[in-house]
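Order of listing sets the numbers, starting from 1, for every ligand and every atom in it. Just so it is clear, the structure is predicted and the values come from calculations on it, not from any experiment.
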Amino acid sequence: MGRKKDEYVIIVGCGRLGGYLAGMLSGEGKSVVVVDRDPSAFKKLGSDFSGFAVEADATETDTLRNAKIEKADVLVTTTNDDNTNIMIAQIAKQIHGVPKVIARLYELQRQKVYEELGIQTICPTILSAEAFEKIINEDGTEG
Ligand code: AMP
């Protein structure tokens, strides 16, 4: 599948996951804005990050507007709290009509609720467990 270079992507949460994703997408040539309420979080962005950083709480009314959410093709919310992520995802989808909204999810039981709201989810715990399991079950080269 081709990579869409000219997309405008907002990433909420510049922690370990959000910061890494921001670097990847920026490296692909996308326009990336990262939002985090903790200014020290932006240290995770590499020197090659060419996007913008907005220091603010994403649950506050003006924050997503300041991040120019009306232009966004994609919003990814990667804070460390499921309730925060679902709230931000809902605002992005329902109030601002962002076409693609993806939320980080800790509690897999909540996935159905997100899906009913048209929000895609990524559960890093499950993805990691699957990756571990794949390696565990690989045929070894020894013996
Ligand atoms: P991590 O758990 O390392 O992926 O980090 C999660 C990031 O989300 C941290 O840098 C937090 O400061 C950030 N965060 C949590 N809640 C909010 C919020 N309401 N608005 C903006 N950033 C947030």
Side-chain angles (χ1 to χ4, degrees), residues 1-140:
M1 210 170 26
R3 288 180 177 163
K4 299 174 203 160
K5 273 199 170 178
D6 51 354
E7 279 185 319
Y8 184 70
V9 183
I10 297 176
I11 299 176
V12 177
C14 188
R16 289 154 291 190
L17 177 61
Y20 188 76
L21 182 63
M24 274 174 75
L25 297 180
S26 170
E28 287 176 13
K30 296 187 198 305
S31 301
V32 181
V33 172
V34 270
V35 180
D36 202 297
R37 62 186 176 187
D38 175 5
S40 68
F42 300 120
K43 289 183 196 149
K44 295 184 190 72
L45 297 169
S47 54
D48 52 343
F49 176 72
S50 60
F52 289 96
V54 174
E55 182 200 325
D57 187 324
T59 59
E60 285 173 8
T61 323
D62 286 342
T63 302
L64 295 176
R65 285 204 177 92
N66 291 340
K68 302 212 175 359
I69 194 167
E70 76 282 359
K71 276 181 24 183
D73 300 295
V74 182
L75 179 137
V76 186
T77 176
T78 70
T79 80
N80 46 353
D81 181 73
D82 279 353
N83 289 328
T84 303
N85 287 335
I86 196 163
M87 179 182 170
I88 293 165
Q90 265 185 292
I91 293 169
K93 191 88 197 172
Q94 290 172 0
I95 299 178
H96 299 286
V98 177
K100 190 180 280 185
V101 178
I102 313 163
R104 175 193 209 175
L105 184 64
Y106 283 91
E107 293 293 334
L108 198 64
Q109 299 92 303
R110 297 176 183 217
Q111 194 173 30
K112 208 168 175 303
V113 181
Y114 283 77
E115 276 170 10
E116 282 166 6
L117 297 166
I119 296 160
Q120 288 174 264
T121 54
I122 292 288
C123 183
T125 310
I126 299 297
L127 291 183
S128 305
E130 285 172 359
F132 277 110
E133 191 218 17
K134 187 166 175 270
I135 296 168
I136 290 164
N137 290 328
E138 266 171 11
D139 287 333

Close approach, Ala56 and ligand 1, non-hydrogen under 4.0 angstrom: yes
Would you say ligand 1 has an N or O under 3.5 Å from any N or O of Arg104? yes
Heavy atoms of other groups near Tyr20 OH, more than 12 under 6.0 Å: no
So if I count the atoms of ligand 1 from 1 in the order they appear, which ones are less than 4.0 Å from some heavy atom of Thr79? 8 (O), 14 (N), 15 (C), 16 (N), 17 (C), 23 (C)
Which residue and atom name correspond to the protein heavy atom nearest atom 22 (N) of ligand 1, and how close is it? Arg37 N, 3.3 Å
Atom NZ in Lys93, atom CG in Leu117: separation rounded to 0.5 Å? 10.0 Å
Does the distance from a Lys or Arg side-chain N to an Asp or Glu carboxylate O, for Glu130 and Lys134, drop under 4.0 Å? no
Could you check whether atom OH of Tyr106 has more than 12 heavy atoms from other residues, nucleotides or ligands sitting under 6.0 Å from it? yes
Which protein heavy atom lies closest to atom 5 (O) of ligand 1, and at what distance to 0.1 Å? Gly15 CA, 3.3 Å
Closest to atom 11 (C) of ligand 1 (heavy atoms only, candidates Asp36, Asp38, Thr84) is Asp36
Kindly indicate whether the side chain of Ile122, heavy atoms from C-beta on, has any atom under 4.5 Å from the side chain of Val76. no
To which protein heavy atom is atom 20 (N) of ligand 1 closest, and what is the distance rounded to 0.1 Å? Ala58 N, 2.9 Å
Give the numbers and elements of all ligand 1 atoms closer than 4.0 Å to a heavy atom of Ala41. 10 (O)
Here's a test for you: under side chain to side chain contact (heavy atoms under 4.5 Å, CB included), which of Leu21, Ile10, Ile11 qualifies with Val34? Ile11
Indicate yes or no: does an N/O atom of Arg16 lie under 3.5 Å from an N/O atom of ligand 1? yes
Is any side-chain heavy atom of Thr79 closer than 4.5 Å to one of Val12? yes
Atom 18 (C) of ligand 1 sits nearest the protein heavy atom Asp57 OD1, 3.7 Å
Please indicate whether any nitrogen or oxygen in Gly13 is less than 3.5 Å from any nitrogen or oxygen in ligand 1. no
Scan Val35, Asn83, Thr59 and name whichever one has a side chain to side chain contact (heavy atoms under 4.5 Å, CB included) with Ile88. Thr59
